[in-house]
Amino acid sequence: MAQQTLNGLLYYLAIGNALALCLFGIRFILDVHGMTKDYGVPISSSPSSIELTYTSACGIRDLSVGVATLTFALLRDRRAVGIIIGAAAIIGGGDAIIATIYSSKSWIEVLPLHCIATILVIIFSYVILKGENSVKS
């Protein structure tokens, strides 16, 4: 079966998306306080093991999705990249709910950013999956 390839601008956008996810993951692991503050749910100055477990899990989650997306993008597998990025919308939707419920900020400061990002991810996934049908033989 022929594989549909990822070409042109979509290729570079997919790589950029993957690298951004990897950077978010690394930052969640290495800069716990800064990333959780930016995320909208800051942790205490002396975080408990539960807080550190949560932030590490977020970091590993983002890093693993980023590495998987990067791998398939470098292989130019359009369908796999579109599916992974589409599935990553679950992360954005979940993050929107979590940040809105637990944030020290008002929902108006947290929810729009997460929702806009999630909508953009869904659109990007759709565009990749419906993109040009270049066939690699």
Side-chain angles (χ1 to χ4, degrees):
M1 182 199 300
Q3 177 185 359
Q4 296 184 355
T5 61
L6 191 63
N7 292 313
L9 181 60
L10 290 180
Y11 172 73
Y12 294 106
L13 288 174
I15 289 176
N17 177 278
L19 292 174
L21 274 170
C22 289
L23 290 175
F24 286 158
I26 291 167
R27 187 161 174 230
F28 253 122
I29 294 167
L30 299 179
D31 182 18
V32 174
H33 291 95
M35 191 61 177
T36 56
K37 181 181 175 199
D38 292 347
Y39 175 76
V41 186
I43 60 175
S44 61
S45 57
S46 298
S48 68
S49 60
I50 292 172
E51 289 175 311
L52 291 175
T53 300
Y54 170 74
T55 58
S56 297
C58 287
I60 292 166
R61 170 200 71 187
D62 289 350
L63 186 58
S64 64
V65 173
V67 167
T69 305
L70 183 61
T71 301
F72 286 116
L74 291 172
L75 293 171
R76 295 182 182 263
D77 188 334
R78 185 171 60 85
R79 186 197 292 170
V81 171
I83 291 169
I84 290 173
I85 290 175
I90 296 168
I91 294 171
D95 285 354
I97 293 167
I98 292 167
T100 301
I101 293 171
Y102 297 107
S103 180
S104 59
K105 300 176 182 180
S106 74
W107 70 269
I108 199 72
E109 294 178 85
V110 177
L111 190 61
L113 177 65
H114 286 89
C115 288
I116 290 168
T118 301
I119 290 166
L120 290 174
V121 165
I122 291 168
I123 291 169
F124 186 42
S125 172
Y126 176 80
V127 168
I128 289 173
L129 289 170
K130 295 300 276 185
E132 66 183 59
N133 288 320
S134 300
V135 177
K136 182 179 182 180
S137 36

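- Checked by atom type and distance alone, the side chain of R79 never pairs as donor or acceptor with a backbone atom of L129 at under 3.5 Å.
- The line from OG1 of T55 to CD1 of I60 is 9.5 Å long, rounded to the nearest 0.5 Å.
- Without hydrogens or angle criteria, S125 side chain to V121 main chain gives no donor-acceptor distance under 3.5 Å.
- Contact between H33 and P47 at its shortest, heavy atoms only, is NE2-CD, 3.8 Å.
- Atom CD1 of I128 and atom CG of L10 lie 5.5 Å apart (nearest 0.5 Å).
- The side-chain heavy atoms of L63 and L21, taken from C-beta on, include no pair separated by under 4.5 Å.
- Contact annotation: the side chain of N17 never approaches that of L13 to less than 4.5 Å [non-hydrogen atoms, C-beta and beyond].
- To the nearest 0.5 Å, the span separating CD1 on I29 from CG on L52 amounts to 12.0 Å.
- Note: I85 CD1 to I123 CD1 = 13.0 Å, rounded to the nearest 0.5 Å.
- Here OG1 of T69 is found 11.0 Å from CD1 of I15. Values are rounded to the nearest 0.5 Å.
- Rounding to the nearest 0.5 Å gives a distance of 11.0 Å between CD1 of I97 and NE2 of H114.
- Around CZ of F72, the count of heavy atoms belonging to other residues, nucleotides or ligands within 6.0 Å does not exceed 12.
- Crowding of L30 atom CG: a count of heavy atoms from other residues, nucleotides or ligands under 6.0 Å exceeding 12.
- Annotation for G92 and T118: closest pair C-OG1, 3.0 Å, computed over non-hydrogen atoms.
- Contact check for I91 versus F24: no side-chain heavy atoms found under the 4.5 Å cut-off.
- The heavy-atom pair separating S64 from R61 by the smallest distance is OG-O, 2.9 Å.
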